[in-house]
*Asks:* 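To start, I am sharing the structure in question, which I have written as structure tokens.
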Amino acid sequence: MPAQKFLNDSYIENLIINNDYASAAVYLFKSQLNGWPLLKKNYDALESVQTESFWFGGFKIKVQFNPERIKSTSAKVDESSIRNRKCFLCLENLPEEQKGIILLEDYLLLCNPYPILPQHFTISTVEHKPQQISNAFGEFLELSKVLSPGYTLVYNGPACGASAPDHLHFPAGTKNFIPIENDIQQLKNDYGNIVQEDGIITTSFIDDGLRKIIFIESNDKEEIKKTFKLIYQTYDEQSGVTPEPMMNSICSYDTEFGWSVIIFLRSKHRPECFYKNDPERILISPAAIDLGGVVVIPRETDFLKVNKEMLHQIFNEVSTDKRTFFLLGKKVKTELR
Ligand SMILES: [Zn+2]
């Protein structure tokens, strides 16, 4: 591994010895802001980014006009496009100024130079291997725990929002910035159907009219893994999509309450309006952060045009349908009993 790609001075080493990864992340972020002009420029721009909020029944969806995200929003992620490009998460292709911190031996914490969140990271595997949650879910939970005081973790499936479907990675960023992190208990109360509750773990299926959400809460990692595995397998049989059933996730950890895992079930990658010709075209390509309530819009014309009805249409189109969601909830409830 090329040593110059790692930030490992004595200050960082000391934080890591004490398992203080959240402080190490802050230190990496500040150090990269000083040493990487593109990063500084894009985080400065984010501070004055235009946003607008839309209120639905008891919850909020923000739209963010963010021109720097154009590449990611319009990224071609089909097999041949991926094969014919250099993987931007592989160590040898990282920008010269970029440095990272090793997490849990196999992962590298990197600053994302095209941010949506006030501090926005990418946690990628050191090794180039496919984006797949089934083998990495335990690590997803563990990484969210070690970064928990300050950050939330995100997962985007290879066919529904990951910009590198060939290289395993988790976006991470400022905790409680994504509206659903604050809204989830209310969503559970207003729209939730509890399918598992035994004092150790609570699992709810939530249909809020825009999204199809599964919400798992527990302090017990093994119980969460068991429930997730059952949901994954049932959903996999039901949807028959390869390489994995379509989902996005947002995960955070709290020392008192444990993990909060929010899963969005998907039916497709992009809404129809994405593929239309201008002026009908709207460049919105929803992934976890968008579904969580920060919808990224890279073009100003789209930002000025977007309204509640469009968001309702887009969210419904890319989310799994009511019937599939209902049947999945029913099956999972029976199995968990
Ligand atoms: Zn790679």
Side-chain angles (χ1 to χ4, degrees), residues 54 56-61 63 77-78 131-134 154-162 165 178-180 183-184 186-196 203-216 227-250 261-276 280 282-295 306-336:
F54 295 95
F56 291 85
F59 61 95
K60 183 169 80 172
I61 303 289
V63 293
V77 287
D78 60 281
Q131 181 83 339
Q132 258 173 11
I133 194 66
S134 51
V154 169
Y155 173 78
N156 289 316
C160 56
I178 307 173
I180 199 166
D183 294 343
I184 191 68
Q186 191 63 40
L187 288 173
K188 179 179 143 189
N189 289 340
D190 293 350
Y191 305 103
N193 169 28
I194 294 174
V195 300
Q196 178 185 32
T203 304
S204 321
F205 274 55
I206 303 166
D207 176 354
D208 64 8
L210 265 72
R211 311 166 277 200
K212 304 294 186 297
I213 304 161
I214 300 172
F215 179 38
I216 310 174
T227 293
F228 179 76
K229 194 174 175 190
L230 173 69
I231 290 169
Y232 181 97
Q233 284 173 345
T234 314
Y235 186 40
D236 192 26
E237 284 162 21
Q238 209 179 15
S239 67
V241 177
T242 53
E244 70 174 29
M246 281 199 235
M247 60 174 83
N248 306 105
S249 182
I250 294 174
V261 186
I262 296 168
I263 300 164
F264 302 101
L265 300 187
R266 301 287 301 268
S267 63
K268 61 178 176 182
H269 180 203
R270 286 164 170 159
E272 262 171 46
C273 59
F274 182 94
Y275 300 101
K276 287 193 173 155
E280 279 82 34
I282 299 169
L283 226 54
I284 290 179
S285 183
I289 295 175
D290 308 78
L291 291 169
V294 185
V295 178
V306 78
N307 58 36
K308 258 181 95 164
E309 289 68 36
M310 283 178 196
L311 292 174
H312 187 273
Q313 166 71 20
I314 291 170
F315 274 48
N316 270 286
E317 238 183 89
V318 301
S319 298
T320 205
D321 64 275
K322 263 187 184 308
R323 182 173 161 76
T324 305
F325 191 62
F326 171 76
L327 291 176
L328 178 66
K330 202 171 145 186
K331 181 102 195 279
V332 167
K333 192 172 186 171
T334 314
E335 295 281 330
L336 288 170

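Counting from 1, the numbers follow the sequence of the chain as shown.
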*Asks:* Could you walk me through whether Ile61 and Arg211 pass the side chain to side chain contact (heavy atoms under 4.5 Å, CB included) check?
*Replies:* CA-CA 12 Å; Ile61 303 289; Arg211 311 166 277 200; 3.7 Å; yes
*Asks:* Does any part of the side chain of Ile263, heavy atoms only, come nearer than 4.5 Å to the side chain of Phe228, both counted from C-beta?
*Replies:*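 Of all side-chain heavy-atom pairs linking Ile263 with Phe228, at least one is under 4.5 Å.
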*Asks:* Looking at Lys308, I want to see if its NZ is surrounded by more than 12 non-hydrogen atoms of other residues, nucleotides or ligands under 6.0 Å.
*Replies:* yes
*Asks:* To the closest 0.5 Å, what do you measure between OG1 (Thr234) and NZ (Lys330)?
*Replies:* 14.0 Å
*Asks:* Considering all heavy atoms of both residues, which atom of Gly161 and which atom of Ala287 are nearest to each other, and what is their separation?
*Replies:* CA-CB, 3.9 Å
*Asks:* Just so I know, are the side chains of Ser134 and Tyr232 near enough to count as touching, which here means a heavy-atom distance under 4.5 Å?
*Replies:*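 Touching, per the 4.5 Å side-chain cut-off.
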*Asks:* For a side chain to side chain contact (heavy atoms under 4.5 Å, CB included) check, start with the C-alpha distance between Phe54 and Val306, then their side-chain angles and the critical distance, and finish with the verdict.
*Replies:* CA-CA 10 Å; Phe54 295 95; Val306 78; 4.2 Å; yes
*Asks:* Using 0.5 Å steps for rounding, measure from the OG atom of Ser204 to the CG atom of Leu187.
*Replies:* 10.5 Å
*Asks:* Provide the closest heavy-atom pair for Arg266 versus Tyr235 in the form atom of the first, atom of the second, distance.
*Replies:* O-OH, 2.9 Å
*Asks:* Short question: side chain of Glu244, backbone of Ile133 - any donor-acceptor pair under 3.5 Å?
*Replies:*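 Checked: pair present.
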*Asks:* For Gln196 and Thr227, does a side-chain donor sit closer than 3.5 Å to a side-chain acceptor?
*Replies:*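 Their side chains do contain a donor-acceptor pair, which is all the 3.5 Å distance test asks for.
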*Asks:* Assess the residue pair Ile214 and Leu328 against the criterion (side chain to side chain contact (heavy atoms under 4.5 Å, CB included)); give the C-alpha distance rounded to whole Å, side-chain angles, the decisive distance to 0.1 Å, and a yes or no.
*Replies:* CA-CA 10 Å; Ile214 300 172; Leu328 178 66; 4.2 Å; yes
*Asks:* Using distance alone, with no hydrogens and no angle criterion, decide if Arg270 and Ser285 have a side-chain donor and acceptor under 3.5 Å apart.
*Replies:*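 Result is yes, a qualifying pair exists.
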*Asks:* CD1/Ile284 to CD1/Ile314 distance, rounded to the nearest 0.5 angstrom?
*Replies:* 4.0 Å
*Asks:* Rounded at 0.5 Å granularity, tell me how far CD in Glu317 sits from CZ in Phe274.
*Replies:* 12.5 Å
*Asks:* Taking the six-membered ring for Trp, are Phe325 and Phe205 parallel (under 30°), tilted (30 to 60°) or perpendicular (over 60°)?
*Replies:*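 Plane angle between 30° and 60°, so tilted.
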*Asks:* Stepwise, does the side chain to side chain contact (heavy atoms under 4.5 Å, CB included) test hold for Ile180 with Phe264?
*Replies:* CA-CA 11 Å; Ile180 199 166; Phe264 302 101; 3.8 Å; yes
*Asks:* Rounded at 0.5 Å granularity, tell me how far NZ in Lys276 sits from CD1 in Ile282.
*Replies:*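 Output value for this atom pair is 8.0 Å.
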*Asks:* Between Asp207 and Lys322, is there a salt bridge with N-O shorter than 4.0 Å?
*Replies:*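 Looking at Asp207 together with Lys322, the answer is yes, because their closest N to O distance falls below 4.0 Å.
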*Asks:* Taking the side chain as every heavy atom from C-beta outward, state whether Ile184 and Ile206 have any atom pair closer than 4.5 Å.
*Replies:*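 Side chain of Ile184 against side chain of Ile206, heavy atoms only: contact under 4.5 Å found.
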*Asks:* List for me each residue that meets side-chain contact (heavy atoms from CB on, under 4.5 Å) alongside Ala288, sequence neighbours excluded, and say none if there are none.
*Replies:* Val154, Asn156, Asn248, Ile250
*Asks:* Quick check: do Val261 and Ser249 have side-chain heavy atoms less than 4.5 Å from each other?
*Replies:*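 Sidechains of Ser249 and Val261: in contact.
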*Asks:* Which heavy atom of Pro158 sits nearest to which heavy atom of Gln131, and what is that distance?
*Replies:* CG-O, 3.4 Å
*Asks:* CG/Leu311 to CG/Leu210 distance, rounded to the nearest 0.5 angstrom?
*Replies:* 7.5 Å
*Asks:* Got a sec, which residues hit side-chain contact (heavy atoms from CB on, under 4.5 Å) with Lys229, two or more places apart in sequence or on another chain?
*Replies:*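 Checked Lys229 against side-chain contact (heavy atoms from CB on, under 4.5 Å); matches are Gln233.
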*Asks:* I'd like to check Ile213 versus Lys188 (side-chain heavy atoms, cut-off strictly below 4.5 Å). Are they in contact?
*Replies:*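 Result no, sub-4.5 Å side-chain heavy-atom pair not found.
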*Asks:* With a 4.5 Å limit on heavy-atom distance, are the side chains of Asn193 and Phe326 in contact?
*Replies:* no
*Asks:* Verify the neighbour count for atom CD of Glu272: are there more than 12 heavy atoms of other residues, nucleotides or ligands below 6.0 Å?
*Replies:*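 No, CD of Glu272 has 12 or fewer neighbouring heavy atoms, counting only those of other groups under 6.0 Å.
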*Asks:* State which residues pass side-chain contact (heavy atoms from CB on, under 4.5 Å) with Asp190; sequence neighbours excluded, sorted by chain then number.
*Replies:* Gln186
*Asks:* Restricting to non-hydrogen atoms, name the atom on Gly209 and the atom on His312 that form the minimum distance, rounded to 0.1 Å.
*Replies:*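 So the two residues come closest at O-NE2, 3.5 Å.
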